[in-house]
A.B. asks: 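Have a look at this one before I ask anything.
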4 protein chains.
Amino acid sequence: MNIQVNIVLGSDVPIYRQIVEQVKHAVATGALSEGDTLPSIRALANRLVVNHNTVAKAYNLLVQDGIARSEKGRGLFITAPRNLYSQEELRRRFDEAADRFVGDVLMLGFKKSEIVAAIQSRLAEVTILKD
Amino acid sequence: MNIQVNIVLGSDVPIYRQIVEQVKHAVATGALSEGDTLPSIRALANRLVVNHNTVAKAYNLLVQDGIARSEKGRGLFITAPRNLYSQEELRRRFDEAADRFVGDVLMLGFKKSEIVAAIQSRLAEVTILKD
Amino acid sequence: MNIQVNIVLGSDVPIYRQIVEQVKHAVATGALSEGDTLPSIRALANRLVVNHNTVAKAYNLLVQDGIARSEKGRGLFITAPRNLYSQEELRRRFDEAADRFVGDVLMLGFKKSEIVAAIQSRLAEVTILKD
Amino acid sequence: MNIQVNIVLGSDVPIYRQIVEQVKHAVATGALSEGDTLPSIRALANRLVVNHNTVAKAYNLLVQDGIARSEKGRGLFITAPRNLYSQEELRRRFDEAADRFVGDVLMLGFKKSEIVAAIQSRLAEVTILKD
DNA sequence: GTGGTCTAGACCACG
DNA sequence: GTGGTCTAGACCACT
(Lines give C-alpha, C1' and ligand atoms only; values in the text may rest on other atoms or scores of the structure.)
Protein backbone atom coordinates (compact mmCIF):
# COMPACT_ATOMS: atom_id res chain seq x y z
CA MET A 1 0.00 0.00 0.00
CA ASN A 2 1.25 3.46 -0.83
CA ILE A 3 0.70 6.76 0.91
CA GLN A 4 -0.43 10.07 -0.47
CA VAL A 5 1.00 12.92 1.60
CA ASN A 6 -0.30 16.45 1.19
CA ILE A 7 0.81 19.50 3.03
CA VAL A 8 -0.66 22.93 3.64
CA LEU A 9 1.98 25.61 3.55
CA GLY A 10 0.09 28.42 5.24
CA SER A 11 -0.89 26.37 8.26
CA ASP A 12 0.41 27.00 11.74
CA VAL A 13 1.23 23.32 11.87
CA PRO A 14 4.86 22.85 10.81
CA ILE A 15 5.40 20.91 7.63
CA TYR A 16 7.38 18.17 9.30
CA ARG A 17 4.54 17.65 11.76
CA GLN A 18 2.00 17.50 8.97
CA ILE A 19 4.00 14.71 7.38
CA VAL A 20 4.32 12.85 10.66
CA GLU A 21 0.64 13.23 11.40
CA GLN A 22 -0.41 12.02 7.99
CA VAL A 23 1.72 8.93 8.23
CA LYS A 24 0.34 8.30 11.71
CA HIS A 25 -3.14 8.86 10.37
CA ALA A 26 -2.54 6.46 7.50
CA VAL A 27 -1.41 3.85 10.00
CA ALA A 28 -4.39 4.62 12.21
CA THR A 29 -6.88 4.17 9.39
CA GLY A 30 -5.17 1.09 8.06
CA ALA A 31 -4.06 2.77 4.85
CA LEU A 32 -0.56 1.80 5.87
CA SER A 33 0.30 -1.33 7.78
CA GLU A 34 3.33 -3.21 8.98
CA GLY A 35 5.96 -3.69 6.33
CA ASP A 36 4.65 -1.03 3.98
CA THR A 37 7.29 1.31 2.65
CA LEU A 38 7.41 5.10 2.74
CA PRO A 39 8.55 7.25 -0.20
CA SER A 40 12.25 8.14 -0.17
CA ILE A 41 13.20 11.40 1.48
CA ARG A 42 14.26 13.01 -1.77
CA ALA A 43 11.28 11.72 -3.72
CA LEU A 44 8.84 13.08 -1.16
CA ALA A 45 10.72 16.36 -0.76
CA ASN A 46 10.64 16.74 -4.48
CA ARG A 47 6.96 16.09 -4.76
CA LEU A 48 5.99 18.37 -1.87
CA VAL A 49 8.42 21.06 -3.01
CA VAL A 50 9.95 21.40 0.44
CA ASN A 51 13.46 21.19 1.74
CA HIS A 52 14.62 17.59 2.06
CA ASN A 53 15.80 18.35 5.60
CA THR A 54 12.18 18.88 6.49
CA VAL A 55 11.21 15.44 5.25
CA ALA A 56 14.23 13.94 6.95
CA LYS A 57 13.17 15.51 10.23
CA ALA A 58 9.68 14.05 9.88
CA TYR A 59 11.07 10.58 9.11
CA ASN A 60 13.43 10.80 12.06
CA LEU A 61 10.50 11.49 14.32
CA LEU A 62 8.61 8.54 12.89
CA VAL A 63 11.58 6.33 13.65
CA GLN A 64 11.97 7.81 17.13
CA ASP A 65 8.29 7.26 17.76
CA GLY A 66 8.60 3.65 16.75
CA ILE A 67 6.20 3.99 13.86
CA ALA A 68 8.76 3.29 11.17
CA ARG A 69 12.18 1.68 11.02
CA SER A 70 14.87 2.59 8.53
CA GLU A 71 16.84 -0.03 6.64
CA LYS A 72 20.01 1.33 5.14
CA GLY A 73 19.85 1.62 1.40
CA ARG A 74 16.35 0.18 1.23
CA GLY A 75 14.12 2.83 2.72
CA LEU A 76 11.69 3.28 5.61
CA PHE A 77 9.22 0.59 6.64
CA ILE A 78 6.19 0.77 8.85
CA THR A 79 6.63 -1.19 12.07
CA ALA A 80 4.16 -2.93 14.32
CA PRO A 81 2.38 -0.55 16.71
CA ARG A 82 3.64 -0.10 20.24
CA ASN A 83 3.12 2.31 23.09
CA LEU A 84 5.06 5.53 22.97
CA TYR A 85 4.30 7.60 26.00
CA SER A 86 3.61 7.16 29.67
CA GLN A 87 0.03 7.25 30.86
CA GLU A 88 0.58 10.66 32.41
CA GLU A 89 2.08 12.03 29.25
CA LEU A 90 -0.78 10.65 27.19
CA ARG A 91 -3.35 12.20 29.49
CA ARG A 92 -1.52 15.52 29.54
CA ARG A 93 -1.39 15.70 25.74
CA PHE A 94 -5.00 14.65 25.47
CA ASP A 95 -6.24 17.26 27.89
CA GLU A 96 -4.18 19.97 26.26
CA ALA A 97 -5.59 19.11 22.85
CA ALA A 98 -9.15 19.00 24.17
CA ASP A 99 -8.76 22.30 26.01
CA ARG A 100 -7.35 23.95 22.94
CA PHE A 101 -10.08 22.63 20.71
CA VAL A 102 -12.88 23.75 22.98
CA GLY A 103 -11.17 27.10 23.45
CA ASP A 104 -10.81 27.61 19.73
CA VAL A 105 -14.40 26.68 19.01
CA LEU A 106 -16.03 28.41 21.97
CA MET A 107 -16.68 31.80 20.44
CA LEU A 108 -17.62 30.61 16.97
CA GLY A 109 -21.26 30.16 17.87
CA PHE A 110 -21.81 26.57 16.79
CA LYS A 111 -24.26 24.42 18.69
CA LYS A 112 -22.85 21.89 21.15
CA SER A 113 -24.45 19.09 19.18
CA GLU A 114 -22.74 20.31 16.01
CA ILE A 115 -19.40 20.39 17.75
CA VAL A 116 -19.76 16.87 19.07
CA ALA A 117 -21.09 15.63 15.74
CA ALA A 118 -18.10 17.11 13.90
CA ILE A 119 -15.73 15.21 16.14
CA GLN A 120 -17.73 12.01 15.86
CA SER A 121 -17.83 12.13 12.08
CA ARG A 122 -14.09 12.62 11.93
CA LEU A 123 -13.54 9.77 14.38
CA ALA A 124 -15.81 7.53 12.33
CA GLU A 125 -13.13 7.34 9.65
CA VAL A 126 -10.54 6.10 12.08
CA THR A 127 -10.05 2.35 12.36
CA ILE A 128 -7.21 2.20 14.86
CA LEU A 129 -9.21 3.45 17.81
CA LYS A 130 -11.70 1.43 19.83
CA ASP A 131 -15.24 2.69 20.13
CA MET B 1 -18.26 39.47 38.29
CA ASN B 2 -14.52 39.17 38.43
CA ILE B 3 -12.04 36.81 36.84
CA GLN B 4 -9.22 34.80 38.30
CA VAL B 5 -6.51 34.17 35.71
CA ASN B 6 -3.75 31.65 36.32
CA ILE B 7 -0.93 30.64 34.07
CA VAL B 8 1.62 27.87 33.89
CA LEU B 9 5.07 29.17 33.14
CA GLY B 10 7.27 26.97 31.00
CA SER B 11 4.31 25.37 29.29
CA ASP B 12 4.46 24.91 25.56
CA VAL B 13 1.29 26.98 25.38
CA PRO B 14 2.38 30.62 25.16
CA ILE B 15 1.49 32.75 28.15
CA TYR B 16 -0.59 35.19 26.12
CA ARG B 17 -2.65 32.33 24.75
CA GLN B 18 -3.25 30.92 28.22
CA ILE B 19 -4.64 34.30 29.22
CA VAL B 20 -6.82 34.52 26.11
CA GLU B 21 -8.21 31.04 26.64
CA GLN B 22 -9.07 31.67 30.25
CA VAL B 23 -10.90 34.88 29.50
CA LYS B 24 -12.78 33.22 26.65
CA HIS B 25 -13.66 30.36 28.97
CA ALA B 26 -14.89 32.77 31.60
CA VAL B 27 -17.10 34.48 29.03
CA ALA B 28 -18.33 31.16 27.69
CA THR B 29 -19.34 29.91 31.12
CA GLY B 30 -20.99 33.15 32.06
CA ALA B 31 -18.40 34.00 34.70
CA LEU B 32 -17.80 37.19 32.74
CA SER B 33 -20.49 39.03 30.85
CA GLU B 34 -21.08 42.25 28.99
CA GLY B 35 -19.78 45.30 30.75
CA ASP B 36 -17.55 43.43 33.16
CA THR B 37 -14.03 44.78 33.39
CA LEU B 38 -10.85 42.84 32.97
CA PRO B 39 -7.97 43.32 35.40
CA SER B 40 -5.76 46.18 34.25
CA ILE B 41 -2.86 45.18 32.04
CA ARG B 42 -0.25 46.13 34.56
CA ALA B 43 -2.12 44.73 37.55
CA LEU B 44 -2.49 41.34 35.88
CA ALA B 45 1.09 41.40 34.63
CA ASN B 46 2.17 42.11 38.16
CA ARG B 47 0.18 39.29 39.67
CA LEU B 48 1.20 36.73 37.05
CA VAL B 49 4.80 37.94 37.23
CA VAL B 50 5.00 38.39 33.48
CA ASN B 51 5.81 41.39 31.36
CA HIS B 52 2.98 43.83 30.81
CA ASN B 53 3.44 43.57 27.04
CA THR B 54 2.54 39.91 27.25
CA VAL B 55 -0.76 40.73 28.92
CA ALA B 56 -1.31 43.57 26.45
CA LYS B 57 -0.86 41.15 23.57
CA ALA B 58 -3.43 38.78 25.06
CA TYR B 59 -5.89 41.61 25.60
CA ASN B 60 -5.30 42.83 22.04
CA LEU B 61 -6.34 39.47 20.71
CA LEU B 62 -9.50 39.59 22.78
CA VAL B 63 -10.30 42.99 21.31
CA GLN B 64 -9.65 41.77 17.77
CA ASP B 65 -11.95 38.83 18.35
CA GLY B 66 -14.72 41.13 19.46
CA ILE B 67 -14.73 39.78 23.00
CA ALA B 68 -13.50 42.90 24.74
CA ARG B 69 -13.21 46.60 23.98
CA SER B 70 -10.51 48.86 25.29
CA GLU B 71 -11.01 52.39 26.52
CA LYS B 72 -7.84 54.37 26.88
CA GLY B 73 -7.32 55.47 30.40
CA ARG B 74 -10.28 53.48 31.67
CA GLY B 75 -9.62 49.81 31.11
CA LEU B 76 -10.88 46.84 29.15
CA PHE B 77 -14.51 45.79 29.14
CA ILE B 78 -16.27 42.66 27.98
CA THR B 79 -18.44 43.46 24.97
CA ALA B 80 -21.77 42.14 23.82
CA PRO B 81 -21.35 39.31 21.34
CA ARG B 82 -21.70 40.29 17.69
CA ASN B 83 -21.40 38.62 14.32
CA LEU B 84 -17.80 39.42 13.55
CA TYR B 85 -16.94 36.77 11.02
CA SER B 86 -18.68 35.53 7.89
CA GLN B 87 -20.30 32.11 7.78
CA GLU B 88 -17.50 30.80 5.58
CA GLU B 89 -14.87 32.08 7.96
CA LEU B 90 -16.62 30.57 10.98
CA ARG B 91 -16.84 27.22 9.21
CA ARG B 92 -13.22 27.43 8.10
CA ARG B 93 -12.03 28.10 11.63
CA PHE B 94 -14.25 25.41 13.04
CA ASP B 95 -13.03 22.76 10.61
CA GLU B 96 -9.45 23.74 11.19
CA ALA B 97 -9.84 23.37 14.94
CA ALA B 98 -11.64 20.04 14.62
CA ASP B 99 -9.10 18.61 12.18
CA ARG B 100 -6.29 19.68 14.40
CA PHE B 101 -7.87 18.18 17.48
CA VAL B 102 -8.55 14.82 15.90
CA GLY B 103 -5.05 14.79 14.41
CA ASP B 104 -3.49 15.57 17.78
CA VAL B 105 -5.50 12.93 19.58
CA LEU B 106 -5.33 10.14 17.01
CA MET B 107 -2.22 8.38 18.15
CA LEU B 108 -2.77 8.77 21.87
CA GLY B 109 -4.80 5.57 22.06
CA PHE B 110 -7.92 6.86 23.78
CA LYS B 111 -11.25 5.28 22.92
CA LYS B 112 -13.58 7.21 20.65
CA SER B 113 -16.15 7.31 23.41
CA GLU B 114 -13.58 8.79 25.76
CA ILE B 115 -12.68 11.47 23.26
CA VAL B 116 -16.28 12.44 22.71
CA ALA B 117 -16.99 12.36 26.41
CA ALA B 118 -14.06 14.69 27.10
CA ILE B 119 -15.43 17.23 24.68
CA GLN B 120 -18.94 16.87 26.03
CA SER B 121 -17.86 17.39 29.61
CA ARG B 122 -16.00 20.55 28.67
CA LEU B 123 -18.98 21.82 26.72
CA ALA B 124 -21.27 21.10 29.63
CA GLU B 125 -19.81 24.08 31.48
CA VAL B 126 -20.51 26.42 28.60
CA THR B 127 -23.60 28.55 28.91
CA ILE B 128 -23.36 30.71 25.80
CA LEU B 129 -23.84 27.92 23.30
CA LYS B 130 -27.08 26.18 22.39
CA ASP B 131 -27.35 22.43 22.81
CA MET C 1 6.41 41.83 -7.60
CA ASN C 2 8.15 43.54 -4.74
CA ILE C 3 7.14 46.29 -2.35
CA GLN C 4 8.90 49.44 -1.28
CA VAL C 5 7.84 50.48 2.21
CA ASN C 6 8.69 53.90 3.57
CA ILE C 7 7.80 55.40 6.89
CA VAL C 8 7.82 58.81 8.48
CA LEU C 9 9.30 58.75 11.95
CA GLY C 10 7.79 61.13 14.46
CA SER C 11 4.45 61.16 12.68
CA ASP C 12 1.32 60.90 14.79
CA VAL C 13 0.48 57.81 12.76
CA PRO C 14 2.16 54.86 14.50
CA ILE C 15 4.95 53.20 12.55
CA TYR C 16 3.23 49.82 12.52
CA ARG C 17 0.12 51.38 11.02
CA GLN C 18 2.11 53.12 8.33
CA ILE C 19 3.51 49.75 7.32
CA VAL C 20 0.10 48.13 7.35
CA GLU C 21 -1.42 50.90 5.22
CA GLN C 22 1.32 50.72 2.65
CA VAL C 23 1.04 46.98 2.24
CA LYS C 24 -2.74 47.25 1.99
CA HIS C 25 -2.33 49.96 -0.59
CA ALA C 26 0.11 47.85 -2.58
CA VAL C 27 -2.35 44.97 -2.57
CA ALA C 28 -5.23 47.26 -3.49
CA THR C 29 -3.39 48.72 -6.47
CA GLY C 30 -2.21 45.34 -7.65
CA ALA C 31 1.43 46.06 -6.87
CA LEU C 32 1.30 42.99 -4.64
CA SER C 33 -0.79 39.97 -5.38
CA GLU C 34 -1.37 36.44 -4.16
CA GLY C 35 1.78 34.51 -3.46
CA ASP C 36 4.07 37.51 -3.40
CA THR C 37 6.37 37.62 -0.42
CA LEU C 38 6.80 40.47 1.99
CA PRO C 39 10.26 41.58 3.05
CA SER C 40 11.44 39.57 6.05
CA ILE C 41 10.61 41.10 9.41
CA ARG C 42 14.22 41.71 10.31
CA ALA C 43 15.24 42.90 6.86
CA LEU C 44 12.47 45.49 6.81
CA ALA C 45 13.15 46.51 10.39
CA ASN C 46 16.77 46.98 9.43
CA ARG C 47 16.02 49.10 6.43
CA LEU C 48 13.44 51.27 8.18
CA VAL C 49 15.69 51.53 11.23
CA VAL C 50 12.94 50.44 13.56
CA ASN C 51 12.70 47.58 16.00
CA HIS C 52 11.82 44.21 14.52
CA ASN C 53 8.91 43.86 16.94
CA THR C 54 7.32 46.89 15.36
CA VAL C 55 7.43 45.29 11.94
CA ALA C 56 6.24 42.02 13.44
CA LYS C 57 3.24 43.82 14.91
CA ALA C 58 2.37 45.30 11.54
CA TYR C 59 2.70 41.93 9.83
CA ASN C 60 0.57 40.33 12.53
CA LEU C 61 -2.24 42.73 11.75
CA LEU C 62 -2.00 41.87 8.07
CA VAL C 63 -2.29 38.21 8.95
CA GLN C 64 -5.28 38.83 11.19
CA ASP C 65 -6.98 40.77 8.43
CA GLY C 66 -6.51 37.89 6.04
CA ILE C 67 -4.17 39.83 3.78
CA ALA C 68 -1.04 37.80 4.44
CA ARG C 69 -0.17 34.41 5.84
CA SER C 70 2.98 33.62 7.77
CA GLU C 71 5.03 30.48 7.37
CA LYS C 72 7.52 29.89 10.14
CA GLY C 73 11.03 29.80 8.83
CA ARG C 74 9.94 30.77 5.33
CA GLY C 75 8.46 34.24 5.43
CA LEU C 76 5.19 36.07 4.90
CA PHE C 77 3.10 35.70 1.76
CA ILE C 78 0.20 37.65 0.36
CA THR C 79 -2.95 35.53 0.46
CA ALA C 80 -5.90 35.26 -1.86
CA PRO C 81 -8.74 37.49 -0.72
CA ARG C 82 -11.48 35.74 1.22
CA ASN C 83 -14.68 36.69 3.00
CA LEU C 84 -13.32 37.12 6.49
CA TYR C 85 -15.94 39.35 8.06
CA SER C 86 -19.71 39.19 8.14
CA GLN C 87 -21.81 41.69 6.20
CA GLU C 88 -22.77 43.46 9.41
CA GLU C 89 -19.16 43.75 10.47
CA LEU C 90 -18.11 45.10 7.07
CA ARG C 91 -20.85 47.70 7.20
CA ARG C 92 -19.99 48.61 10.77
CA ARG C 93 -16.35 49.15 9.91
CA PHE C 94 -17.25 51.06 6.77
CA ASP C 95 -19.60 53.43 8.57
CA GLU C 96 -17.11 53.97 11.34
CA ALA C 97 -14.42 54.93 8.85
CA ALA C 98 -16.74 57.23 6.89
CA ASP C 99 -18.05 58.97 9.99
CA ARG C 100 -14.56 59.48 11.25
CA PHE C 101 -13.35 60.87 7.97
CA VAL C 102 -16.18 63.37 7.62
CA GLY C 103 -15.77 64.38 11.23
CA ASP C 104 -12.05 64.94 10.77
CA VAL C 105 -12.49 66.94 7.60
CA LEU C 106 -15.48 69.03 8.61
CA MET C 107 -13.76 72.03 10.07
CA LEU C 108 -10.89 72.18 7.63
CA GLY C 109 -12.85 74.37 5.24
CA PHE C 110 -12.48 72.39 2.03
CA LYS C 111 -15.29 72.42 -0.47
CA LYS C 112 -17.49 69.35 -0.68
CA SER C 113 -16.44 68.84 -4.26
CA GLU C 114 -12.79 68.93 -3.20
CA ILE C 115 -13.42 66.33 -0.52
CA VAL C 116 -15.19 64.00 -2.90
CA ALA C 117 -12.54 64.55 -5.58
CA ALA C 118 -9.77 63.69 -3.12
CA ILE C 119 -11.42 60.38 -2.34
CA GLN C 120 -12.10 59.65 -5.99
CA SER C 121 -8.53 60.30 -7.02
CA ARG C 122 -7.25 57.96 -4.35
CA LEU C 123 -9.74 55.30 -5.38
CA ALA C 124 -8.73 55.67 -9.01
CA GLU C 125 -5.46 53.90 -8.25
CA VAL C 126 -7.24 50.95 -6.71
CA THR C 127 -7.64 47.92 -8.94
CA ILE C 128 -9.23 45.43 -6.59
CA LEU C 129 -12.51 47.28 -6.14
CA LYS C 130 -15.39 47.47 -8.59
CA ASP C 131 -16.53 50.85 -9.81
CA MET D 1 -30.21 77.21 20.42
CA ASN D 2 -29.08 74.37 22.59
CA ILE D 3 -26.76 71.48 21.86
CA GLN D 4 -27.22 67.79 22.42
CA VAL D 5 -23.88 66.10 22.98
CA ASN D 6 -23.60 62.32 22.88
CA ILE D 7 -20.48 60.26 23.36
CA VAL D 8 -19.47 56.72 22.55
CA LEU D 9 -17.36 55.19 25.28
CA GLY D 10 -15.88 52.26 23.38
CA SER D 11 -14.65 54.36 20.48
CA ASP D 12 -10.99 54.91 19.70
CA VAL D 13 -11.80 58.61 19.52
CA PRO D 14 -11.11 60.14 22.93
CA ILE D 15 -14.11 61.51 24.76
CA TYR D 16 -12.79 65.05 24.84
CA ARG D 17 -12.33 64.96 21.08
CA GLN D 18 -15.84 63.65 20.58
CA ILE D 19 -17.16 66.62 22.50
CA VAL D 20 -15.01 69.04 20.53
CA GLU D 21 -16.05 67.51 17.23
CA GLN D 22 -19.72 67.60 18.07
CA VAL D 23 -19.61 71.24 19.01
CA LYS D 24 -17.70 71.97 15.81
CA HIS D 25 -20.24 69.94 13.92
CA ALA D 26 -23.09 71.82 15.51
CA VAL D 27 -21.47 75.07 14.47
CA ALA D 28 -20.83 73.69 11.01
CA THR D 29 -24.42 72.68 10.49
CA GLY D 30 -25.78 75.87 11.98
CA ALA D 31 -27.26 74.16 15.01
CA LEU D 32 -25.10 76.50 17.07
CA SER D 33 -24.27 80.03 16.04
CA GLU D 34 -22.51 83.06 17.43
CA GLY D 35 -23.57 83.99 20.93
CA ASP D 36 -25.14 80.64 21.74
CA THR D 37 -24.14 79.19 25.07
CA LEU D 38 -22.68 75.80 25.91
CA PRO D 39 -23.74 73.71 28.90
CA SER D 40 -21.64 74.23 32.04
CA ILE D 41 -18.71 71.90 32.52
CA ARG D 42 -20.25 70.22 35.52
CA ALA D 43 -23.67 69.94 33.96
CA LEU D 44 -22.32 68.29 30.85
CA ALA D 45 -19.94 66.05 32.78
CA ASN D 46 -22.86 64.98 34.90
CA ARG D 47 -25.06 64.19 31.97
CA LEU D 48 -22.38 62.29 30.03
CA VAL D 49 -21.20 60.51 33.18
CA VAL D 50 -17.58 61.39 32.50
CA ASN D 51 -14.92 63.08 34.56
CA HIS D 52 -15.38 66.86 34.61
CA ASN D 53 -11.70 67.23 33.72
CA THR D 54 -12.55 65.62 30.41
CA VAL D 55 -15.22 68.18 29.63
CA ALA D 56 -12.93 70.96 30.80
CA LYS D 57 -10.25 69.75 28.42
CA ALA D 58 -12.69 69.76 25.53
CA TYR D 59 -13.87 73.27 26.37
CA ASN D 60 -10.28 74.47 26.63
CA LEU D 61 -9.61 73.20 23.15
CA LEU D 62 -12.70 74.96 21.83
CA VAL D 63 -11.47 78.20 23.36
CA GLN D 64 -7.96 77.64 22.01
CA ASP D 65 -9.39 76.93 18.58
CA GLY D 66 -11.33 80.15 18.68
CA ILE D 67 -14.68 78.43 18.44
CA ALA D 68 -15.89 79.51 21.87
CA ARG D 69 -14.95 82.20 24.39
CA SER D 70 -15.33 81.86 28.13
CA GLU D 71 -16.83 84.61 30.23
CA LYS D 72 -16.04 84.20 33.90
CA GLY D 73 -19.01 83.22 35.93
CA ARG D 74 -21.34 83.26 32.93
CA GLY D 75 -20.29 80.31 30.82
CA LEU D 76 -18.98 79.54 27.33
CA PHE D 77 -20.27 81.30 24.25
CA ILE D 78 -19.87 80.46 20.61
CA THR D 79 -17.75 83.02 18.77
CA ALA D 80 -17.74 84.18 15.19
CA PRO D 81 -15.95 81.76 12.86
CA ARG D 82 -12.34 82.39 11.94
CA ASN D 83 -9.52 80.48 10.41
CA LEU D 84 -7.58 78.24 12.71
CA TYR D 85 -4.73 76.66 10.84
CA SER D 86 -2.25 77.52 8.13
CA GLN D 87 -2.92 76.36 4.59
CA GLU D 88 -0.17 73.78 4.88
CA GLU D 89 -1.51 72.46 8.13
CA LEU D 90 -5.01 72.27 6.70
CA ARG D 91 -3.79 70.35 3.66
CA ARG D 92 -1.69 68.01 5.79
CA ARG D 93 -4.60 67.18 8.05
CA PHE D 94 -6.88 66.72 5.09
CA ASP D 95 -4.55 64.36 3.26
CA GLU D 96 -3.93 62.37 6.40
CA ALA D 97 -7.65 61.94 6.99
CA ALA D 98 -8.28 60.98 3.37
CA ASP D 99 -5.41 58.50 3.34
CA ARG D 100 -6.61 56.92 6.51
CA PHE D 101 -10.17 56.66 5.31
CA VAL D 102 -9.22 55.06 2.01
CA GLY D 103 -6.80 52.76 3.79
CA ASP D 104 -9.45 51.69 6.28
CA VAL D 105 -12.03 51.04 3.59
CA LEU D 106 -9.77 49.45 0.98
CA MET D 107 -10.05 45.85 2.01
CA LEU D 108 -13.72 45.89 2.95
CA GLY D 109 -14.86 45.12 -0.59
CA PHE D 110 -17.31 47.96 -1.15
CA LYS D 111 -17.70 49.39 -4.63
CA LYS D 112 -15.99 52.68 -5.38
CA SER D 113 -19.35 54.25 -6.14
CA GLU D 114 -20.67 53.13 -2.76
CA ILE D 115 -17.69 54.65 -1.03
CA VAL D 116 -18.08 57.97 -2.76
CA ALA D 117 -21.84 57.93 -2.22
CA ALA D 118 -21.38 57.34 1.49
CA ILE D 119 -19.18 60.39 1.77
CA GLN D 120 -21.52 62.50 -0.34
CA SER D 121 -24.55 61.59 1.70
CA ARG D 122 -22.75 62.50 4.90
CA LEU D 123 -21.58 65.77 3.40
CA ALA D 124 -25.12 66.56 2.25
CA GLU D 125 -26.10 67.20 5.87
CA VAL D 126 -23.38 69.77 6.33
CA THR D 127 -24.31 73.41 5.79
CA ILE D 128 -21.04 75.10 6.64
CA LEU D 129 -19.13 73.80 3.63
CA LYS D 130 -19.43 75.11 0.10
CA ASP D 131 -20.36 72.71 -2.64
C1' DG E 1 18.16 32.29 7.25
C1' DT E 2 12.95 32.69 8.75
C1' DG E 3 8.93 34.00 12.17
C1' DG E 4 7.21 33.65 17.29
C1' DT E 5 7.54 34.64 22.14
C1' DC E 6 9.10 37.10 26.00
C1' DT E 7 11.55 40.53 29.08
C1' DA E 8 12.88 45.05 30.77
C1' DG E 9 12.13 49.42 30.54
C1' DA E 10 10.86 53.83 28.30
C1' DC E 11 7.58 57.56 26.80
C1' DC E 12 3.04 59.15 25.36
C1' DA E 13 -2.07 60.12 25.54
C1' DC E 14 -6.27 59.78 28.19
C1' DG E 15 -9.30 60.36 32.48
C1' DG F 1 -4.37 55.54 37.52
C1' DT F 2 -5.38 53.55 32.54
C1' DG F 3 -4.01 51.57 27.69
C1' DG F 4 -0.80 52.31 23.37
C1' DT F 5 3.62 52.48 21.12
C1' DC F 6 8.37 51.59 20.72
C1' DT F 7 13.24 50.00 21.66
C1' DA F 8 16.92 46.72 22.69
C1' DG F 9 17.98 42.42 23.10
C1' DA F 10 17.19 37.51 24.22
C1' DC F 11 15.82 32.59 23.17
C1' DC F 12 13.11 29.28 20.63
C1' DA F 13 11.23 26.50 16.65
C1' DC F 14 11.23 25.80 11.75
C1' DT F 15 13.38 25.49 6.88
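Note that these values count all heavy atoms, side chains included, but never hydrogens, waters or copies made by symmetry.
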A.B. asks: Specify the residue among D/Asn53 and B/Leu9 whose closest nucleotide of DNA chain E lies further upstream toward the 5′ end.
C.D. replies: B/Leu9

A.B. asks: Could you say whether A/Tyr16 or B/Arg74 is positioned toward the 5' end of DNA chain F, judged by the nucleotide with the nearest heavy atom to each?
C.D. replies: B/Arg74

A.B. asks: Whole Å only: how far is the CD1 atom of C/Ile41 from the C1' atom of F/dC14?
C.D. replies: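 After rounding, the gap between these two atoms is 14 Å.
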
A.B. asks: Distance under 4.0 Å to a non-hydrogen atom of chain C counts as contact; along DNA chain E, which nucleotides mark the start and end?
C.D. replies: E/dG1 to E/dC6

A.B. asks: Judged by atom type as modelled, is there a donor-acceptor pair below 3.5 Å linking the side chain of C/Thr37 to the main-chain atoms of C/Leu76?
C.D. replies: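 A pair under 3.5 Å: no.
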
A.B. asks: With a 4.0 Å cut-off on N to O distance, would you call B/Arg100 and B/Glu96 a salt bridge?
C.D. replies: no

A.B. asks: Please tell me if the side chains of C/Tyr59 and C/Ser40 come closer than 4.5 Å, counting only heavy atoms from C-beta onward.
C.D. replies: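 A side-chain contact under 4.5 Å is absent here.
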
A.B. asks: Side chain of B/Asn51, backbone of B/Asn53: donor and acceptor closer than 3.5 Å?
C.D. replies: yes

A.B. asks: Is the side chain of C/Glu71 donor-acceptor paired with the backbone N or O of C/Phe77 at a distance under 3.5 Å, no angle test?
C.D. replies: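 Looks like no, no N/O pair under 3.5 Å.
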
A.B. asks: Quick check on DNA chain F: between B/Gly73 and A/Ile15, whose nearest nucleotide comes earlier from the 5' end?
C.D. replies: B/Gly73

A.B. asks: Whether C/Arg122 and D/Asp95 form a salt bridge (side-chain N of Lys/Arg under 4.0 Å from carboxylate O of Asp/Glu) is what I want to check.
C.D. replies: yes

A.B. asks: Using Watson-Crick pairs (N1 to N3, plus N6-O4 or O6-N4) and G-U wobble pairs, both distances under 3.5 Å, which stems of at least 3 pairs involve DNA chain F?
C.D. replies: E:1-14 with F:1-14

A.B. asks: Identify, with sequence neighbours excluded, every residue that meets ring pair (Phe, Tyr, Trp, His ring centres under 6.0 Å) alongside B/Phe94.
C.D. replies: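 Residues passing ring pair (Phe, Tyr, Trp, His ring centres under 6.0 Å) with B/Phe94: A/Phe110.
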
A.B. asks: Go nucleotide by nucleotide along DNA chain E from the 5' end; which of C/Ser40 and B/Lys72 gets its closest nucleotide reached first?
C.D. replies: C/Ser40

A.B. asks: For a quick check of understanding: with a heavy-atom distance under 4.0 Å over all strands, which category does B/Val50 fall into, base, sugar-phosphate or nothing?
C.D. replies: sugar-phosphate

A.B. asks: Salt bridge check: are B/Asp104 and A/Lys24 linked by an N-O gap of less than 4.0 Å?
C.D. replies: no

A.B. asks: Just to be sure I understand the rule, does C/Tyr59 reach a base, reach only the sugar-phosphate, or reach nothing, if contact means heavy atoms closer than 4.0 Å?
C.D. replies: nothing

A.B. asks: Checking all strands, does C/Asn60 fall into the base, sugar-phosphate, or nothing category for heavy-atom contacts under 4.0 angstrom?
C.D. replies: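 No contact.
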
A.B. asks: Dump the intermediate steps for side chain to side chain contact (heavy atoms under 4.5 Å, CB included) on C/Leu9 and C/Val49, then the final yes or no.
C.D. replies: CA-CA 10 Å; C/Leu9 291 171; C/Val49 196; 5.7 Å; no

